[in-house]
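Every value quoted in this text rests on a predicted model; they were computed, and no experiment measured them. Chain identifiers are assigned alphabetically (A, B, ...) following the order of the sequence lines, protein sequences preceding nucleic acid strands; residue numbering begins at 1 within each chain.
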Amino acid sequence: MHTILAKKQLSPNVTRLDLLAPRIAEIKQPGQFVIVRAKEGDERIPLTIADADPAQGTIALVIQAVGKATRDLVALEVCDAIRDVAGPLGHPTELITSGRALCVGGGVGTAVVHPIAKALHAMGVHVTSVIGGRSQEWVIFEEELAKCGDVIVCTDDGSYGRKGFVTDAAKEVLEAGGVDIAYAVGPVPMMRAVANLTRPFGVHTIVSLNPVMVDGTGMCGGCRVDIGGETKFACVDGPEFDGHKVDFDLLADRLATYREFEQRANACADGQCKIRR
Amino acid sequence: MQPTISAKERMQISRQAMPEQDAHQRSGNFKEVNLGFSEQLALLEAQRCIQCKEAKCIKGCPVMVNIPRFIKFITEGDLAGAARSLFGDNALPSISGRVCPQEEQCEGSCIRGVKGQPVAIGYLERFIADWARTQSGVLDAATPVPSGKKVAVIGAGPAGLTAAGELVKQGHEVTIYEALHKPGGVLVYGIPEFRLPKKIVAAEVDRLTKAGVKIECNVVIGRTYTIPELRVQFDALFIANGAGLPVFMNVPGENLKGVYAANEYLTRVNLMEAYDLQNTNTPVLIGKRVAVIGGGNVAMDAVRTAKRLGAEQAMIVYRRTKEEMPARVEEVHHAEHEGVDFQLLVAPLEVLGDEKRWVTGLKCNRMELGEPDASGRRKPQVIPGSEFVLECDVVVVAIGTKANPLLTATCPELKLNKWGNIETDANGMTSIPGVFAGGDIVRGAATVILAMGDGKNAAKAINGYLAQA
Ligand SMILES: Cc1cc2nc3c(=O)[nH]c(=O)nc-3n(C[C@H](O)[C@H](O)[C@H](O)COP(=O)(O)OP(=O)(O)OC[C@H]3O[C@@H](n4cnc5c(N)ncnc54)[C@H](O)[C@@H]3O)c2cc1C
Ligand SMILES: Cc1cc2nc3c(=O)[nH]c(=O)nc-3n(C[C@H](O)[C@H](O)[C@H](O)COP(=O)(O)OP(=O)(O)OC[C@H]3O[C@@H](n4cnc5c(N)ncnc54)[C@H](O)[C@@H]3O)c2cc1C
Ligand code: SF4
Ligand code: SF4
Ligand code: FES
């Protein structure tokens with residue numbers, strides 16, 4: 001059992017939970033994730049370890065409530081417990097030790113980019129983070145990222161920071177030159193756009209893929225993705241891959257496998273239906 | 001005491017059939033197919049055993065269960081005696097009695113099978129184990145004297161559970177680390193409820209924890225802890241993390257929506273309880289026409305699961321004939337009775353999909369059997385020009401698994417063979433002193449009883465190792 005010690009709403013649908021998981025807090029590295037099951041009978045879902053406090057023995061999960069499992073998680077309160085937390089899973093992020101890094105975060109992906117930026121900064125890498133959201137209230141982790149380097153905030157409606165997409169600002173950073181590596185985490189279309197953007201600049205780009213997972217240990221094959229024509233299991237071979245090699249169409253397509261089921265589950269949670277199937 | 005019967009009378013009793021759920025009814029539910037022997041049936045069947053002096057059946061059993069001895073207790077009406085005898089040889093008989101390929105093992109060697117039907121050893125084993133589970137006290141053992149030694153077991157499948165049970169009996173402090181949220185390995189995520197009810201596995205796990213075994217779930221060795229880290233904290237280790245990684249066919253279309261590896265399909269349905277369609281939180285695609293590729297136990301489990309989930313047509317696609325199928329004979333029969341469609345001598349070439357990338361069919365070749373290959377099985381060959389399309393909307397690939405490198409990659413000192421399986425000596429010890437291994441991670445995909453046998457042998461070897469250490 002993993003007791004929740006702190007809870008904070010970061011944006012209209014993103015919540016941060018700090019929970020007890022001492023071993024994971026002690027050894028986790030940037031880019032790694034956990035598989036979580038809130039209570040008996042729930043789905044197993046992967047969530048990135050957004051931060052950790054080894055002294056307190058806590059890890060932070062930043063959760064975007066998109067469906068049944070994530071909504072159930074963010075409905076938990078301080079002192080409630082999460083039944084299962086397995087990890088840390090996946091390979092740690094490939095980091096550079098000097099030079100310049102561009103970190104692009106979209107939506108909840110910003111929380112995933114944060115541990116990467118933090119690790120880069122700690123090693124002396126110059127970090128420029130470009131983060132965004134629909135409008136001001138959707139922007140998260142700005143303060144934390146500001147501690148790791150420069151931050152450019154973009155909002156779709158211009159209510160905060162620059163008006164426009166993160167890709168517009170990222171393009172300017174690339175054009176200014178000197179970027180050695182780029183990291184992009186966010187919705188699939190955003191990661192695809194960033195990968196396309198960095199390609200002509202020849203900047204190595206790492207993206208964090210979010211396929212549907214079950215076990216997270218390589219046993220089920222459900223998380224398979226196509227990297228340069230080769231099938232890989234994101235949970236054990238990733239979740240981070242060379243963005244220039246990822247088949248984003250396949251990823252987006254496979255993510256739609258259970259859409260009907262998810263919509264039904266959501267409708268049920270909203271009290272709009274009585275029967276699940 | 002039962003009245004003794006003459007040898008002639010013994011020979012005249014025919015093999016008792018396993019009472020089972022009606023085929024039509026059961027293909028619509030997930031309840032266990034086999035209902036188990038009544039005491040009368042068990043007694044009748046037990047009397048068929050002629051109590052061979054040189055019992056061949058024992059040699060056919062990978063863990064050398066003393067079969068005539070426990071059967072004799074049954075004929076004497078001493079079920080508690082039978083239970084003590086059986087459990088002394090085999091830690092999980094309620095499981096092996098249900099899933100062992102008996103026709104190749106104990107029953108395959110039974111002398112009564114030479115002219116007629118072998119003694120139904122598996123059914124008797126299951127009967128005694130199920131009986132013992134409902135009795136209190138029968139299997140209570142004296143609390144062992146603590147040895148002061150600590151042993152870690154990695155993986156709570158049949159190999160790990162068996163080893164843990166044996167080790168705790170010797171007074172060692174045993175901790176099992178299991179990656180998933182529930183112990184049991186393939187017994188809970190792979191083999192379906194209708195063949196092995198989960199409450200039986202849970203009862204066996206319970207028995208272990210009551211005996212003092214600690215089980216820590218959600219701990220992935222290779223990630224949460226590494227083997228070298230555990231080696232420092234424990235006096236000995238037993239690695240039993242199973243086979244794992246599913247193998248795909250490497251044909252076009254395998255990543256279309258609606259293509260599953262059997263492991264994923266079965267894990268969703270069993271471990272994540274998607275068979276409970278009304279209440280599950282984990283979805284599984286319900287196909288109208290489901291094609292399962294393969295001919296082993298895994299394929300049979302997947303196809304019978306598809307049928308139960310509501311497939312109008314549940315098909316096995318296998319490139320050889322029924323005779324070559326590696327599945328247990330009973331499972332193939334059950335599948336036939338339940339209306340599974342066998343597409344034999346058929347090999348898939350490509351998975352076909354629609355414009356939205358949902359599976360619509362399998363492009364296949366027809367095959368014929370040629371000369372025997374190295375394994376002695378006749379090699380299937382393509383019949384030129386035989387291409388055809390098998391319509392289906394869900395495809396389940398059940399063509400095997402390979403060694404999962406998650407754990408071994410973090411422990412380079414561990415010697416592996418060319419397939420990535422861990423190498424062990426005759427005692428089950430790996431290249432690292434004090435670190436033992438067994439089950440599928442050593443053998444490649446094998447059987448429950450071989451995994452249990454490895455667990456038992458390794459426990460013995462660990463005991464010896466700890467006595468010297
Ligand atoms: C390595 C990894 C790290 C992730 N980190 C985070 C994170 O830090 N914060 C966060 O909010 N989200 C993260 N996600 C995504 C998160 O796991 C999904 O949003 C969550 O599983 C959705 O479950 P649901 O029942 O709430 O929604 P659903 O209604 O079931 O699904 C909504 C969306 O999530 C996808 N999804 C559903 N089930 C899974 C599953 N088991 N695995 C992956 N995707 C699934 C669906 O395809 C759909 O696009 C991560 C995913 C991966 C693979
Ligand atoms: C669907 C199916 C049906 C089968 N039917 C039969 C049958 O009828 N009869 C028969 O005899 N055999 C059958 N088999 C084969 C049999 O189940 C296996 O040979 C047997 O389970 C192997 O046992 P094991 O203990 O080695 O591994 P497993 O049962 O695979 O257990 C390994 C355990 O280790 C855990 N683990 C893995 N990696 C780690 C890690 N890094 N850290 C911690 N834990 C980890 C896994 O989660 C799992 O719980 C079947 C197999 C399948 C898949
Ligand atoms: S353990 Fe398996 S092989 Fe051995 S006697 Fe029992 S059923 Fe037969
Ligand atoms: S070989 Fe058959 S008849 Fe002989 S002891 Fe074994 S079970 Fe009985
Ligand atoms: S989640 Fe099952 S193999 Fe990756």
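Within the structure, every pair that satisfies the side-chain hydrogen bond (donor to acceptor under 3.5 Å, both in side chains) test and touches residues 48-67 of chain A, not counting sequence neighbours, is listed here: Asp51(A)-Lys118(A).
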- Message: Working note: Asp215(A) + Thr267(B), criterion side chain to side chain contact (heavy atoms under 4.5 Å, CB included); need CA distance, chi angles, decisive distance, verdict.
- Response: CA-CA 9 Å; Asp215(A) 59 303; Thr267(B) 300; 5.7 Å; no
- Please test Arg357(B) against Leu250(A) for side chain to side chain contact (heavy atoms under 4.5 Å, CB included), starting from the C-alpha separation and ending with a verdict. CA-CA 9 Å; Arg357(B) 300 182 49 87; Leu250(A) 178 73; 3.2 Å; yes
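Taking Tyr260(B) as the reference, Tyr265(B) meet the ring-ring contact (aromatic ring centres under 6.0 Å, His included) condition, with sequence neighbours excluded.
More than 12 heavy-atom neighbours from other residues, nucleotides or ligands sit within 6.0 angstrom of NZ on Lys150(B). The environment of NZ in Lys214(B) is sparse: at most 12 heavy-atom neighbours from other residues, nucleotides or ligands sit within 6.0 Å.
For residues 225-242 of chain A, the interface with chain B (any heavy-atom pair closer than 4.5 Å) comprises Thr231(A), Phe233(A), Val236(A), sorted by residue number.
The two atoms that bring Ala86(A) and Ala179(B) nearest to each other are CB-O, 4.3 Å, heavy atoms only. The two atoms that bring Asn281(B) and Glu43(A) nearest to each other are O-OE1, 3.4 Å, heavy atoms only. Across every non-hydrogen atom of Trp358(B) and Ala256(A), the tightest pair is CZ2-O, 4.5 Å. Residues Met272(B) and Asp42(A) approach most closely at CE-O, 3.5 Å, considering heavy atoms. Residues Arg254(A) and Val259(B) share a closest heavy-atom pair of NH1-O, 4.4 Å. In terms of heavy atoms, Pro246(B) sits closest to Gly218(A) at CD-O, 3.5 Å.
Rounding to the nearest 0.5 Å gives a distance of 9.5 Å between CD1 of Ile286(B) and CZ of Phe261(A). Separation of atoms OG1 (Thr217(A)) and CG (Leu406(B)) is listed at 6.5 Å; rounding is to 0.5 Å. Taking CG of Asn255(B) as the reference point, atom CZ of Arg224(A) lies at 5.0 Å (rounded to 0.5 Å). Atom CE of Met219(A) is separated from atom CG of Leu271(B) by 7.0 Å, given to the nearest 0.5 angstrom.
For Val219(B), no part sits under 4.5 Å from any heavy atom of chain A, backbone or side chain. Heavy-atom distances place both the backbone and the side chain of Leu180(B) under 4.5 Å from chain A. At a 4.5 Å heavy-atom cutoff, Leu407(B) makes no contact with chain A through either its backbone or its side chain. Contacts of Val397(B) with chain A are absent, with no heavy-atom separation under 4.5 Å from either backbone or side chain.
Donor-acceptor pairing under 3.5 Å is lacking for the side chains of Arg83(A) and His181(B).
Chain B forms the most heavy-atom pairs under 4.5 Å with one residue out of Asp253(A), Asp84(A), Thr257(A), Val214(A), and that residue is Asp253(A). Counting heavy-atom pairs closer than 4.5 Å to chain B, the top-ranked of the candidates Gly41(A), Pro88(A), Ala69(A) is Pro88(A). The candidate from Lys182(B), Glu254(B), Lys257(B), Glu273(B) with the greatest count of non-hydrogen atom pairs under 4.5 Å with chain A is Lys257(B).
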Which side-chain N or O atoms in residues 22-36 of chain A pair as donor and acceptor under 3.5 Å with protein atoms at least two apart or in another chain?
from	atom 1	to	atom 2	distance (Å)
Arg23(A)	NE	Thr224(B)	O	2.7
Arg23(A)	NH1	Glu26(A)	OE2	3.3
Arg23(A)	NH2	Thr224(B)	O	2.9
Arg23(A)	NH2	Glu229(B)	OE1	3.2
Arg23(A)	NH2	Glu229(B)	OE2	3.0
Gln32(A)	OE1	Gln29(A)	N	2.8
Gln32(A)	NE2	Gly90(A)	O	3.0

